[in-house]
2 protein chains.
Amino acid sequence: MPEQTLTTGKRLVEAATALLDSGGEAAVTLRAVAQAVGVSHNTPYRHFADRAALLAAVAERDFTMLTDAFTATEGTRLQPLAKVKDALDAFVVYGETYPARYRLLFSDPGIASPGGELEAAAMRSFAAFAKLIEGAQASGDLPATMPTATLTGVVFATVHGLLDLQAGGRMREEKGLSRAAAGVAVLFELIAPRGDAAAQSCATVSSP
Amino acid sequence: MPEQTLTTGKRLVEAATALLDSGGEAAVTLRAVAQAVGVSHNTPYRHFADRAALLAAVAERDFTMLTDAFTATEGTRLQPLAKVKDALDAFVVYGETYPARYRLLFSDPGIASPGGELEAAAMRSFAAFAKLIEGAQASGDLPATMPTATLTGVVFATVHGLLDLQAGGRMREEKGLSRAAAGVAVLFELIAPRGDAAAQSCATVSSP
DNA sequence: ACCTGAACACCGTTCAAGT
DNA sequence: ACCTGAACACCGTTCAAGT
């Protein structure tokens, strides 16, 4: 029984994650989590302040995982814009594969406590992604007419909007976009047409 | 007592909306709604199949309101791109003023039943907004390199992402974007720079 | 038709008590 | 320290019964 080697706290986080994936946020009751681990229904309170704290622990683990993925992409020898697309592809796959987890991290209002460790983990993820955007701005593949944080924010908001609409079953309404991945491709068509070559060649031609 | 003149069903919807605005989705319990109206705690079941159906009625009313707002904007004598911005401004104000309601309409997975009246109302809203985008494409203010539905989908996804992040308390993490309205402005900078004048003048200059 | 009270099976959370 | 059983105040939902 390899699970017995884990501490009870870690096992509770794992059980909560499994319930989240299989039945959505409503399925993550402290009683169900406790039963899955094999402890009494109020043992979770020995390890977490309340239900929100348990969910926050699940979210924090995934934020760290995402940060690692973005950092790994940065270490590759891909072109700057390819790094951004690579990271976003991984992000979209994560959001499509684990929609309930995705919403916990990026939408749930109940777990966000300002100044906590969760917020710090979320900011590290954002910073790791912003670094990729910065690289694509420096190489001229993405517009450098605005601060990196601003561009990163809008790109992230768009991808989040696509994933959240899909997770909420609202993609049906947009006949123009069947899946989030398609929307990301359209976004790049809009903000980096032909690797921003159009804007660059335009600037070259119109200069005296 | 003017409220007494309303049918019990309408009064339940109004009470649910008020509870949603003041305390979030969790505050909308059937018992609290019934108490606010002054009926027994299970009277709502005489008017709605279950809690989700009551929430769906709240959402449907707001979808109709949004559709009317978009249609009214279309009837003005504003420039095509100004109509789009005007509609989005109103949409952002709605999302910022009533975040819980906004999420009910565009994020909540519990009320979306395919083929129902709610979905039809949501599609009418989308169509009314798409008509404004179409006008801006026709006037050359927005890129016409993709179908109207596709562009509308991406623009809406971005605005939804901004509003949802703000409603979920995630805006703090993006130092580049303090409010959803700022993000919308950045979006237009990216997809309609100087009214798309840059791309057009570029095409003019680079043609032989 | 519309409403009611009682009841059922759940919740999160607390607490005194055990080892 | 860690876990337990009982209990409290809530839920959504159902149902037999009233007018």
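So you know, we letter chains A, B, ... as the sequences are listed, proteins then strands, and number each from 1.
Salt bridge annotation for B:Asp108-B:Arg103: absent, with no cationic side-chain nitrogen under 4.0 angstrom from a carboxylate oxygen. Remark: A:Arg124 engages A:Glu117 in a salt bridge, criterion side-chain N to carboxylate O under 4.0 Å.
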**Complete:** In 5'-to-3' order, the base (B), backbone-only (S) or no-contact (-) status of each nucleotide in nucleotides 12-19 of chain D, using a 4.0 angstrom heavy-atom cut-off, is BBBB----

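Checking side-chain atoms of B:Lys83 against main-chain N and O of B:Glu74 turns up a donor-acceptor pair under 3.5 Å. The backbone N or O of A:Phe63 sits less than 3.5 Å from a side-chain atom of A:Ser125, completing a donor-acceptor pair. Proximity of a side-chain donor or acceptor of B:Thr76 to a complementary backbone N or O of B:Ala72 within less than 3.5 Å is not detected.
In this model, the phosphate group of D:dC2 is not approached by any side-chain N or O of A:Thr8 to a distance below 4.0 Å at OP1 or OP2. Side-chain N/O atoms of B:His47 include one lying less than 4.0 angstrom from OP1 or OP2 on C:dC3.
Side chains of A:Tyr98 and A:Asp62: a donor-acceptor N/O pair is absent below 3.5 angstrom, by distance only.
The separation between B:Arg11 atom CZ and C:dC2 atom P is 14 Å, rounded to whole Å. What separates CD of B:Gln35 from P of D:dC10 is a distance of 11 Å, to the nearest Å.
Taking the ring centroids of A:Tyr102 and A:Phe91, they lie under the 6.0 Å cut-off.
When base pairs are accepted only as Watson-Crick or G-U wobble with both N-N or N-O distances under 3.5 Å, DNA chain C takes part in stems of 3 or more pairs at C:4-8 with D:12-16, C:12-16 with D:4-8.
In terms of the salt bridge (Lys or Arg N to Asp or Glu O under 4.0 Å) criterion, B:Glu60 has no residue partners (sequence neighbours excluded).
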